Amino acid sequence: MIRMNWLKKACLAAGLTICSIMYTLAQSEGDKKKDIAAYNKAFELALKADKTWKSGDYAAAEKQFRQSLATYPVLALVNQLPLYKMQIGDANGANAEWNAILKAINTYPSIMVNYPGLTIFKSIYKYEPVDKFHLEIYKVRASANALSGDMKQTLIDYFAMEKLGALDKDGYGAFGITAVQLGDFETARRCIDTLNKMFGEKRAFMDKQLSPVYVGANLALAEGNYEQAIALCDRMEKEDKGMNTTWRAAARMITAQAYAKSGNIEQARVFLDLAIKHVALSKTDPEVAYTAGLIDLAAKAYESAIAQFKAAFEYKPPGFTANPKYSWAKYRYLTGRAEAYMGLKEYDKARSDYELALLYNSDHLPAINGLAHLESKLIQETKLDKNPPEIIITEPAIKRGLKITAAGTTVMIKGIAKDPSGLKQVTINGNKVYAQNGGDFWGDVKLADGVNKFALVAEDVAGNKAELIFEIEKAVQVAGHEISPVVTQEGKNYCLLIAAQNYDDTSIPSLENPIADAIKLKLILKNSYNFVESNISTLFNPANTEIKKHLLELGSTLQPEDNLLIFYAGHGIWVEKEKKGYWLLTDSKYKDVNTWLPNKDVLDLIAKLPSRHTLLITDACFSGSVFKTRGIKDAPPAIREMENKITRVAITSGNDTEVPDESVFMKYLVKALSDNKDKYLTAQKMFINQILEAVMTETKTEPRYGTLELAGHVGGDFIFSKK
């Protein structure tokens, strides 16, 4: 009886187990069918989003991509939206999307992947670990950020891949080089040790066996161990048995740099010449120019060194509008140029380059030490400075006695007052004109009929003064004869488009249209006006430092005859107590004013730009605060006369009011430029005739046009020139 009870219980238990397994299998099968349906729906949504993006409706496309992700994560598509954002220059937005994707996939225990079947009519759906998605994102994001210049994010992703055990020999080689570039020497040494263990004691014939030696040579160079760097490069020379001798060429370049930094100019030149003989290198390669700059620096040929570092910094491969391959290295080029400026005692330019280098890489020790040395040197120079500034007038063109004919009642005087301790102020006949610490000055002077005598006085920071007496003769207008104004050299048109759309701080609401608006403006300028694409830069969802970085970078690119258009769309804020306006960038915190970008900082950066005509267009709340006092003036004079003035003007979407996200101002700005039939269109004419009344009629906001006195405005206007 007892046995029968036991048997019944056993059978019952077995039956329950079988039922449980069958129920679980049925449930699992049901879940799988649901996941397959969700997967296919997500795939369709992503395809739809792809078409929407390509049509130019980025805001709608983003929503569709996110809807696809929310439906089900598809391995083949997780990188699609971030990569699209990378393509339009929105690196911060791309990284934010990747973080959102990582957060979303972490809610799944495992994720379905669709593999092609044996026939085109059948697919195989399998569940894969979430780490497979992680790895795919880390690999793509690391590569994309390396190309965009954000090596810090690349390094973070290498750490993540290492944690997953997914780095091979090539991966550790790239990991080590990235660590060297960012000054993480401890990680670089660990990568070298790992590579040596992976390759083993006995080295094979393959070229890439030299990767730990290559990383070591770069590390030694970065740490200032020049003899060690040269020894490791010598080893690469001897062990490189590959057909293309790639390691040998790399070794020679590093050797040339090590010799230059250690002061052995002759050997540096020998190895640079040997490196250039390799098919992969040319004299235009930025690393070649950088190495030549180091050699010139060691030889104290400072002017030549500056030219070489400038060439490296501004290098653009043929057919490309940017230089992503070498953008990570720009801090090295800038530091080298700063050292050359130090040699010439042009301390203001050296400071700008050191500061810009630190915006690219805040941990770059040579730039940190160089800036500290500069400040110490400047204090010493100021104390010892007994010499007045050296005054050079660049406009009008110097003639004997500086007598020129002028058609108008005013003429602009422009020049530079060179002085190691810095320029304090410049006056002409006792009236102050705009002057910068670095020595540049300019201003208008009034002319009476006949000969006008002027006394220009330049005072440096140490209190030394220099005086230059000159004369300008105003020609008398003769009936029937036109006196042509002095025409400056025709310059290039540059444009910087800034759009802040998404914010790290959730207290600041994201916007939908700034990036799309900026792209619309770019297309109009490129297709209808004299703006070439290579001179149009975009900053989408930038951090505070990125604005400063790009404006400082433009300072070394622009020439005195060039024109610059700066466009900003995003949030603006006004602090009544301080009477100050600010831009809110992607990394701004709503409750921390120290993270906002003051309008004054923007104006200070614009003031340093050498461009002749600069127009700032802002589509943001409280954007009218960029002006000092002056607004619309009388109708502008003739186009030719305006070309000769230094212009700093702005058009804003509102005065001290809020503006809507769906920008009416932008609608009429685009319409004004699109409908324009004139060969030359001044910013003021466009504003008065096609923007002001239209915007005020449709909204409660009052757009403004005005001059930026604090940025050095003299006169004239920004002119849009049609193709």
Side-chain angles (χ1 to χ4, degrees), residues 149-152 181-183 290 293 297 302 305-306 309-310 312-314 323 326-382 416 418-423 435-440 461 496 498 537 539 542-558 564 566 582-583 585 587-588 594-611 614 710-712:
D150 187 357
M151 300 303 291
K152 288 185 177 180
Q181 291 164 0
L182 291 176
Y290 170 66
L297 191 62
Y302 298 125
I306 288 167
F309 291 132
K310 186 176 188 291
F313 182 76
E314 296 179 353
N323 178 16
Y326 294 99
S327 58
W328 64 267
K330 285 190 172 183
Y331 64 87
R332 294 190 298 131
Y333 309 152
L334 289 162
T335 302
R337 190 169 66 178
E339 291 174 9
Y341 280 130
M342 287 288 290
L344 293 173
K345 294 188 176 183
E346 295 187 26
Y347 299 129
D348 192 64
K349 291 180 179 179
R351 181 189 288 108
S352 292
D353 274 353
Y354 278 134
E355 290 175 349
L356 182 52
L358 291 172
L359 288 175
Y360 275 101
N361 184 352
S362 58
D363 300 321
H364 188 47
L365 200 57
I368 294 171
N369 293 337
L371 197 55
H373 174 66
L374 183 152
E375 298 302 338
S376 174
K377 187 77 173 174
L378 197 55
I379 292 171
Q380 184 182 6
E381 287 275 1
T382 304
I416 184 168
K418 293 183 178 180
D419 194 276
S421 63
L423 185 64
Q436 297 177 348
N437 181 264
D440 292 298
V461 174
L496 175 60
I498 307 166
S537 303
L539 271 181
N544 196 316
T545 56
E546 289 179 279
I547 302 289
K548 296 177 182 177
K549 182 170 71 177
H550 276 73
L551 287 174
L552 285 169
E553 187 174 323
L554 276 169
S556 67
T557 301
L558 294 166
L564 174 64
I566 302 171
Y582 298 85
W583 290 359
L585 288 315
D587 60 342
S588 296
N594 295 314
T595 64
W596 306 347
L597 181 61
N599 283 342
K600 185 180 182 304
D601 285 6
V602 176
L603 294 180
D604 287 344
L605 289 165
I606 290 174
K608 290 183 178 181
L609 298 174
S611 50
T614 301
L710 296 177

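Just so we're clear, the structure is a prediction, and the values are computed from it rather than from any experiment. Below, each value reflects all heavy atoms present in this structure, side chains not excepted, and no hydrogens, waters or symmetry copies.
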Note: Leu585 and Ala543 closest approach over all heavy atoms is CB-C, 4.1 Å

Side chains of Phe313 and Asp353: does their closest heavy-atom pair fall under 4.5 Å?
no

Scanning both residues in full, the closest heavy-atom pair of Ser556 with Glu314 reads O-OE2, 3.1 Å

Compare all side-chain heavy atoms of Asn599 with those of Trp583 and state whether any distance is below 4.5 angstrom.
yes

**Validation row: Leu552, Leu605 side chains within 4.5 angstrom (heavy atoms)** = yes

Where do Glu553 and Leu334 land on the side-chain contact (heavy atoms from CB on, under 4.5 Å) test, with the steps shown first? CA-CA 10 Å; Glu553 187 174 323; Leu334 289 162; over 6 Å; no

| Is there a side-chain contact between Ile498 and Ile566 (heavy atoms, below 4.5 Å)? | yes

Interatomic distance, NZ@Lys345 vs CD@Glu381, rounded to 0.5 Å, equals 4.5 Å

Between Glu375 and Arg351, the two heavy atoms sitting closest are OE2-NE, 3.2 Å

Heavy-atom side-chain proximity of Asp348 to Leu423 below 4.5 angstrom = no

- Query: Could you go step by step and tell me if Tyr354 and His373 meet the side-chain contact (heavy atoms from CB on, under 4.5 Å) rule?
  - Reply: CA-CA 11 Å; Tyr354 278 134; His373 174 66; over 6 Å; no

Nearest heavy-atom contact between Thr382 and Ser421 is OG1-CB, 3.6 Å

message = Tell me whether the rings of Tyr290 and Tyr333 are parallel (<30°), tilted (30 to 60°) or perpendicular (>60°).
response = tilted

Here the pair of heavy atoms bringing Gln181 nearest to Asn361 is O-ND2, 3.4 Å

Here the gap from Tyr360 atom OH to Glu546 atom CD, rounded to the nearest 0.5 Å, amounts to 10.0 Å

Residues passing the side chain to side chain contact (heavy atoms under 4.5 Å, CB included) test with Ser537, sequence neighbours excluded, are Leu496

Got Asp587 and Thr595 here, is their nearest side-chain heavy-atom distance under 4.5 Å?
no

Q) Do Lys600 and Asp604 meet the salt-bridge criterion of a basic N to acidic O distance under 4.0 Å? A) yes

Sorted by chain and residue number, the side chain to side chain contact (heavy atoms under 4.5 Å, CB included) partners of Leu344 (sequence neighbours excluded) come out as Tyr302, Glu303, Ile306, Glu346

When rounded to the nearest 0.5 Å, the distance separating OG of Ser352 from OH of Tyr341 is 9.0 Å

Minimal heavy-atom distance between Leu378 and Tyr347, with the atoms involved, is CD1-CD1, 3.6 Å

So CE of Met342 and CG of Leu297: to nearest 0.5 Å the spacing works out to 11.0 Å

One should read off an interatomic distance between Leu558 CG and Lys608 NZ, to the nearest 0.5 angstrom, of 14.5 Å

In this structure, CD1 of Ile606 is separated from CG of Asp601 (nearest 0.5 Å) by 11.0 Å

Query raised in the report: Taking the side chain as C-beta and beyond, is there a heavy-atom pair between Thr335 and Glu339 under 4.5 Å?
Result: yes

